[in-house]
4 protein chains.
Amino acid sequence: MSPAETTTTPPAAVPPAASARGRIDKRRAILAAATKVFAREGYAQASVDMIAAEAGVAKPTIYNHLGGKENLFRAVMEEAARDSSEKVQAALRSFPADPGDLRADLVAVAMRLVDCMIGEDAWALQRLLYAEAGHFPGLYESVLVTGADRTADALAGRLARLANAGHLEIADPVRAAAHFQALIGSEIPSLTALGSRPIDASTLERAVAAGVDTFLRAFRPSR
Amino acid sequence: MSPAETTTTPPAAVPPAASARGRIDKRRAILAAATKVFAREGYAQASVDMIAAEAGVAKPTIYNHLGGKENLFRAVMEEAARDSSEKVQAALRSFPADPGDLRADLVAVAMRLVDCMIGEDAWALQRLLYAEAGHFPGLYESVLVTGADRTADALAGRLARLANAGHLEIADPVRAAAHFQALIGSEIPSLTALGSRPIDASTLERAVAAGVDTFLRAFRPSR
Amino acid sequence: MSPAETTTTPPAAVPPAASARGRIDKRRAILAAATKVFAREGYAQASVDMIAAEAGVAKPTIYNHLGGKENLFRAVMEEAARDSSEKVQAALRSFPADPGDLRADLVAVAMRLVDCMIGEDAWALQRLLYAEAGHFPGLYESVLVTGADRTADALAGRLARLANAGHLEIADPVRAAAHFQALIGSEIPSLTALGSRPIDASTLERAVAAGVDTFLRAFRPSR
Amino acid sequence: MSPAETTTTPPAAVPPAASARGRIDKRRAILAAATKVFAREGYAQASVDMIAAEAGVAKPTIYNHLGGKENLFRAVMEEAARDSSEKVQAALRSFPADPGDLRADLVAVAMRLVDCMIGEDAWALQRLLYAEAGHFPGLYESVLVTGADRTADALAGRLARLANAGHLEIADPVRAAAHFQALIGSEIPSLTALGSRPIDASTLERAVAAGVDTFLRAFRPSR
DNA sequence: AATGAATGAGCCTTCATTCAT
DNA sequence: TATGAATGAAGGCTCATTCAT
């Protein structure tokens with residue numbers, strides 16, 4: 001073996017790699033398959049058989065790795081929340097600190113946020129969360145913490161900066177953030193039929209821009 | 001038998017009338033039971049057995065009246081949408097045409113609206129809709145038509161009236177209605193943990209009032 | 001159909017009778033099949049599938065009638081204990097009150113008792129009891145009460161009568177009954193290989209007679 | 001590797017011996033664990049997983065050493081039969097050749113025998129034998145040969161000696177041995193509820209003594 | 001020699017649905 | 001009309017067993 005070859009993946013022959021990575025790959029394959037199947041079918045309707053078939057593993061392998069349907073579901077939800085949150089955070093990083101054209105910049109970041117919310121994955125997360133929050137104690141909280149809370153915090157921080165710089169007039173940044181999100185997303189459910197229908201891009205952009213406009217009319221400095 | 005004799009049990013002496021009423025009563029009992037069970041368990045997890053037990057009827061009776069689980073679910077959803085919509089319409093009827101204190105009046109009607117949205121029934125409807133919209137073609141639309149659309153229309157109309165009377169400055173009443181709803185409800189999901197937690201009344205009122213305030217800052221006439 | 005034909009079963013046409021009796025018949029068929037399968041396979045190895053197939057019913061029917069494997073097993077054991085006990089009681093009714101030839105009479109009744117103990121059913125009951133007494137709390141007691149206890153009581157009573165009549169000399173009839181049973185059955189396990197082998201009749205009779213002889217040598221009046 | 005490198009792991013310096021011992025130790029551990037688990041759960045209910053966990057080895061190790069569940073069970077039964085038989089033989093070695101007080105000596109040896117029969121191990125052996133004799137061809141015979149047969153032989157020999165010495169009057173020593181065993185053990189099943197209940201020592205002793213008394217009344221020389 | 005990982009088969013149970021009454 | 005009874009089809013989970021290391 002060459003000394004600096006790989007630090008994360010054992011190289012060598014294919015079989016050992018297949019075995020060492022294989023374990024992780026199988027776990028990943030199971031989680032991916034479960035995400036897909038749960039998203040499509042819902043928790044109760046999804047069967048471990050489907051997931052195993054989709055993942056290309058035998059059923060007991062799922063139990064070995066993740067111990068039962070409920071656990072598997074929680075793992076899927078946590079992963080989905082993490083992934084979704086990361087996308088949102090990335091979108092928020094494009095938030096203007098010192099905007100050139102405030103409206104245009106806000107619309108741009110709003111579009112990025114909304115893009116995060118209308119993806120298949122995000123809708124699936126939301127649907128499953130709505131559907132199962134009552135059956136899985138703590139599920140909502142755990143998803144909230146890794147997801148919406150961090151989003152709200154980050155967004156509030158960005159808005160506060162804009163306010164400090166005199167671009168906005170904001171008394172309560174956390175609430176303003178909530179209102180911002182509510183306004184730019186206010187038409188998403190009806191436009192996408194709760195994620196069950198594709199959406200027209202320009203219609204979406206108009207709706208988002210309208211939300212930003214209302215936000216600006218409410219929070220732009222009076223003079 | 002005296003007319004008021006039995007309210008719960010159909011008297012045996014009046015078979016035709018009793019049958020006619022009994023039939024309707026049974027249907028009602030089934031729908032009520034199904035609503036309760038679907039709300040608690042979700043569609044897939046709910047079993048026809050549970051519903052039959054809850055309704056106090058035999059299982060085939062459900063099939064006679066409503067023909068299968070899927071149909072039963074659709075019936076439940078339509079009824080729930082109708083009920084919910086009626087409550088909302090009632091709440092909107094208290095909307096001020098010529099307000100004394102605009103903010104106070106808007107907060108009052110907003111609270112009535114929000115009260116409609118945080119009831120057990122409304123949450124159940126929303127959860128089931130989110131969860132099953134993808135599995136029941138047309139479900140979202142049918143609920144939308146009897147529910148949210150009418151709400152939006154009515155609300156838009158009321159806002160337009162206020163605008164015409166010079167109390168608000170609104171270019172697109174439909175959008176303004178959407179924004180109003182979004183703002184006053186923006187904190188409901190997090191405050192109620194998607195309906196799985198009771199909510200503190202004063203906290204809720206503050207959040208609603210904040211939504212109204214933002215709305216007013218955006219839509220109050222500039223001078 | 002003759003008027004007094006059935007008091008327990010509705011007579012009428014064949015279908016209603018088939019239905020009314022059908023229910024009981026199915027329950028009986030299930031119990032009979034379960035008895036057979038449990039006897040052959042043991043509790044854990046037996047599957048509800050096998051029992052359903054053997055009974056000629058669908059699997060859920062078993063759950064409707066007897067609610068699960070464990071309950072089914074208890075029902076089977078209780079029935080087997082009842083049946084077995086009745087056979088033993090019948091055998092004991094031939095016990096001589098005033099014997100002509102005491103030895104011959106005792107051997108005769110001993111053979112009848114032993115016949116009860118070497119039947120397939122009795123062995124199955126015993127095997128299952130030995131195997132599962134530890135897993136089913138109260139199982140041993142419930143079987144004991146309907147089975148061995150009644151046997152011991154009845155046998156003790158018969159022996160006491162013989163003693164009172166001067167044919168035997170017995171201080172403690174209950175113990176004497178236990179000793180009688182132990183002696184006449186002492187070679188059954190080895191002769192039948194715990195019920196897994198048929199047994200030669202004359203060999204058995206010799207062993208039983210030997211047990212009776214030892215009993216008589218111990219309990220015949222000294223003079 | 002430096003010599004003192006590992007303290008918890010068998011030292012690397014003595015591989016062959018350590019291996020040889022380790023191998024035997026593993027086999028012993030597996031057999032001990034299997035004995036425990038089979039005794040507790042029964043054959044079918046016991047899982048190889050449980051046994052592996054109890055033994056502290058990986059599952060395939062069991063297959064390497066003993067080749068499958070069935071073989072493992074046979075090995076366990078043979079070992080148990082051997083152990084049990086040895087205990088019984090030891091107990092019989094205390095049999096009086098020329099007794100001082102015949103009754104007292106017989107009661108003493110009977111108690112030793114009975115102690116062998118009420119131990120956890122002996123009950124487990126008996127339960128498993130009853131339960132599985134029908135499923136494992138030859139199992140009963142193999143256990144019999146190493147167990148009950150040797151016991152009967154030895155006991156018959158001891159009784160014959162006593163008879164020769166004039167202390168007993170025995171025509172067929174083998175049968176007398178069987179009767180002795182039957183009498184002293186006649187109350188064990190009911191007193192211990194088939195091994196599932198601890199037993200009161202003095203009650204047991206009375207029952208055993210009663211068995212001996214009956215035996216003596218039957219086999220003591222008439223004059 | 002010992003093990004982590006994987007699997008095909010099977011089990012107990014429950015479900016939505018339909019007859020026959 | 002309403003029901004007790006029955007069933008084919010799945011579902012979640014576990015087991016004994018075997019590779020590849």
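The sequence lines fix the lettering, A, B, ..., with proteins before strands; numbering per chain opens at 1.
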Undergrad: A/Glu78: what forms a side chain to side chain donor-acceptor pair (under 3.5 Å) with it, not counting sequence neighbours?
TA: none
Undergrad: Figure out the CD1/P separation between B/Ile62 and F/dA2, and round it to whole Å.
TA: 12 Å
Undergrad: Check whether any side-chain nitrogen or oxygen of D/His65 sits under 4.0 Å from OP1 or OP2 of E/dA2, and answer yes or no.
TA: yes
Undergrad: Run the side chain to side chain contact (heavy atoms under 4.5 Å, CB included) test against B/Ala58 and tell me which residues pass, sequence neighbours left out.
TA: B/Pro60, B/Thr61
Undergrad: Just to be sure I follow the notation: if a pair is Watson-Crick (purine N1 to pyrimidine N3 plus N6-O4 or O6-N4) or a G-U wobble (N1-O2 and O6-N3), each under 3.5 Å, what dot-bracket string does DNA chain F give, with | for pairs to another strand?
TA: .||||||||||||||||||||
Undergrad: Quick check on DNA chain F: between B/Gly56 and C/Ala58, whose nearest nucleotide comes earlier from the 5' end?
TA: B/Gly56
Undergrad: Within this structure, what is the CG-to-P distance between C/Asn71 and E/dC12, rounded to whole angstrom?
TA: 14 Å
Undergrad: Let me know the distance between CZ of C/Arg27 and C1' of F/dG4, rounded to the nearest Å.
TA: 16 Å
Undergrad: Is there any side-chain hydrogen bond (donor to acceptor under 3.5 Å, both in side chains) pair reaching into residues 40-58 of chain A, and which pairs are they, with sequence neighbours excluded?
TA: A/Lys36-A/Glu54, A/Asp49-A/Lys59
Undergrad: For D/Ala75, what residues pass the side chain to side chain contact (heavy atoms under 4.5 Å, CB included) criterion, not counting sequence neighbours?
TA: D/Leu31, D/Leu66
Undergrad: Sequence neighbours left out, what passes side chain to side chain contact (heavy atoms under 4.5 Å, CB included) with D/Ala133? Give chain and number order.
TA: C/Leu194, D/Tyr140
Undergrad: Does any part of the side chain of D/Val48, heavy atoms only, come nearer than 4.5 Å to the side chain of D/Tyr63, both counted from C-beta?
TA: yes
Undergrad: For a quick check, with a 4.0 angstrom heavy-atom cut-off, what is the B/S/- contact string for nucleotides 11-16 of chain F, read 5' to 3'?
TA: SBBBBB
Undergrad: Can you name the residues that form a side chain to side chain contact (heavy atoms under 4.5 Å, CB included) with D/Ala34, not counting sequence neighbours?
TA: D/Phe38, D/Ile51, D/Leu72, D/Val76
Undergrad: Does the side chain of B/Phe73 reach to within under 4.5 Å of the side chain of B/Leu139, using non-hydrogen atoms?
TA: yes
Undergrad: What about A/Asn64, does its side chain sit under 3.5 Å from the base of E/dA5 through a donor-acceptor pair?
TA: no
Undergrad: Nearest-Å distance, CG (B/Leu66) to C1' (E/dT17)?
TA: 15 Å
